[in-house]
Asks: 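Following this message is one structure expressed as structure tokens.
Being a predicted model, the structure only gives us computed values, none of them experimental.
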Amino acid sequence: KYHFNPRLSLSISNRYYSQNQKETTENNWQTEYNFNTKLHQKLSENTQLDYTLYATTFNTESVFNGSDSYYKQRLLRPEIRAKFLVNNGEIMTGLGARFDNLDRTFFAKKESYQTQYVFAQYDFYPIKKLNVIVGARFDHHNKYKSALSPKISSRYQISSWLALKGSVGFGFKAPDF
């Protein structure tokens, strides 16, 4: 993590993996690369912004009994989040997108999937021992119907060793390729 100044920092992480297996009638090759970066900006004592960018690639190629197959997937996910501290809690809002592409042996053509989303949540304590989180997310998809996902959850601290939790919500997860 690099601190430009007390209000601005940058963190970057990478991961690379490669594997090659060879046998008499079989050859398998796999690579994976992940890149994640986050720029954190503290605008004031009560306001923060996070800019993140995540990218990954995953590739495999195989030869088995003289038959070739491949799988190549790419994902790019930018996101911006804002956090505002208020009297008894915090408000978080954000927006982002997901761009996913897949090319593989068994598909007639390269497939792609995109979604854009916005979200907001309010995390607060109406009384000392009760935490409540109210939130919603809206997803707009290029292949599926757009979806609104609301949620409310709470946690009541009964004693130092016992808490009661509850949550109600509705969500949508688009199918993978």
Side-chain angles (χ1 to χ4, degrees), residues 1-5 7-17 30-60 70-124 131-155 165-177:
K1 191 172 200 178
Y2 181 76
H3 295 274
F4 296 100
N5 60 51
R7 295 185 172 271
L8 187 64
S9 64
L10 176 68
S11 62
I12 298 174
S13 62
N14 294 295
R15 178 179 171 267
Y16 178 76
Y17 173 78
Q30 175 181 325
T31 60
E32 182 176 359
Y33 179 72
N34 299 312
F35 173 80
N36 192 33
T37 184
K38 176 181 172 182
L39 183 66
H40 178 76
Q41 186 177 21
K42 189 173 183 179
L43 299 176
S44 71
E45 290 304 314
N46 296 328
T47 307
Q48 301 174 19
L49 292 174
D50 287 321
Y51 311 89
T52 59
L53 178 64
Y54 176 75
T56 186
T57 64
F58 180 78
N59 300 308
T60 63
Y70 62 90
Y71 181 99
K72 299 176 182 179
Q73 186 171 14
R74 310 280 182 272
L75 169 66
L76 179 67
R77 190 178 61 223
E79 185 175 273
I80 300 171
R81 285 183 305 275
K83 183 165 56 169
F84 308 96
L85 300 178
V86 292
N87 294 338
N88 61 347
E90 68 181 39
I91 297 170
M92 183 177 292
T93 63
L95 58 96
R98 178 183 170 119
F99 306 97
D100 207 345
N101 295 301
L102 178 62
D103 190 14
R104 67 180 293 192
T105 306
F106 306 109
F107 287 179
K109 64 181 179 73
K110 185 177 183 178
E111 293 292 331
S112 65
Y113 165 80
Q114 292 93 37
T115 185
Q116 299 83 37
Y117 56 89
V118 295
F119 60 89
Q121 77 174 30
Y122 181 36
D123 183 345
F124 66 103
N131 176 232
V132 177
I133 301 173
V134 179
R137 175 177 164 134
F138 178 77
D139 290 272
H140 174 73
H141 306 276
N142 72 324
K143 294 195 181 251
Y144 306 101
K145 186 177 176 183
S146 296
L148 177 66
S149 304
K151 181 179 179 181
I152 184 168
S153 63
S154 64
R155 182 180 191 271
K165 297 178 181 181
S167 179
V168 176
F170 175 78
F172 171 77
K173 173 147 177 20
D176 291 333
F177 291 109

Asks: Between Q41 and Q48, is there a side-chain heavy-atom distance shorter than 4.5 Å?
Replies: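 Sidechains of Q41 and Q48: no contact.
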Asks: Can a donor-acceptor pair be found, under 3.5 Å and without considering hydrogens, that links the side chain of N59 to the backbone of K72?
Replies: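 Between the backbone of K72 and the side chain of N59 there is no qualifying donor-acceptor contact (under 3.5 Å).
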Asks: For residues Y54 and L75, determine if any side-chain heavy atom of one lies less than 4.5 Å from a side-chain heavy atom of the other.
Replies: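 Y54 vs L75: side chains touch.
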Asks: Please state whether the rings of H141 and F172 are parallel, tilted or perpendicular, taking 30° and 60° as the class boundaries.
Replies: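 Rings of H141 and F172: perpendicular, over 60°.
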Asks: Measure from the side-chain N and O atoms of R137 to the backbone N and O of F119, and report whether any donor-acceptor pair falls under 3.5 Å.
Replies: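 Side chain of R137 to backbone of F119, a donor-acceptor pair under 3.5 Å: no, none is there.
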Asks: Could you please spell out the steps behind the ring-ring contact (aromatic ring centres under 6.0 Å, His included) verdict for F4 and Y2?
Replies: CA-CA 6 Å; F4 296 100; Y2 181 76; 4.8 Å; yes
Asks: When you measure from the side chain of T37 to the backbone of L53, do you find a donor-acceptor pair of N or O atoms at a distance under 3.5 Å?
Replies: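 No, the answer is negative, given that no donor and acceptor are paired below the 3.5 Å cut-off.
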Asks: Are side-chain N/O atoms of D100 and Q73 paired as donor and acceptor at under 3.5 Å?
Replies: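 Side-chain D/A pair, D100 to Q73: present.
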Asks: Kindly determine whether Y51 and H40 satisfy ring-ring contact (aromatic ring centres under 6.0 Å, His included), including the steps that lead there.
Replies: CA-CA 7 Å; Y51 311 89; H40 178 76; 9.5 Å; no
Asks: With distance as the sole test, does T56 use its side chain to make a donor-acceptor pair with the main-chain N or O of Y33 at under 3.5 Å?
Replies: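 Side chain of T56 to backbone of Y33: a pair is present.
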Asks: Do R104 and F107 meet the cation-pi criteria used here (NZ or CZ under 6.0 Å from the six-membered ring centre, within 45° of the axis)?
Replies: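 Here R104 passes the 6.0 Å and 45° test against F107.
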Asks: Taking all atoms of both residues into account, what is the closest heavy-atom pair of A82 and L49, and its distance?
Replies: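 Heavy atoms of A82 and L49 come nearest at CB-CD2, 3.5 Å.
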Asks: Under the side chain to side chain donor-acceptor pair (under 3.5 Å) test, which residues partner N5, sequence neighbours left out?
Replies: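 Result, side chain to side chain donor-acceptor pair (under 3.5 Å) vs N5: none returned.
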Asks: Consider only side-chain N and O atoms of N34 and N14, and report whether a donor and an acceptor are under 3.5 Å apart.
Replies: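 Short answer, no.
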Asks: How close do L148 and F170 get, heavy atom to heavy atom, and via which atoms?
Replies: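 Closest heavy-atom pair between L148 and F170: O-CD2, 3.5 Å.
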Asks: Is it the case that R98 places NZ or CZ above or below the six-membered ring of Y113, under 6.0 angstrom from the centre and within 45 degrees of the axis?
Replies: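 Not flagged: R98 not positioned over aromatic ring of Y113.
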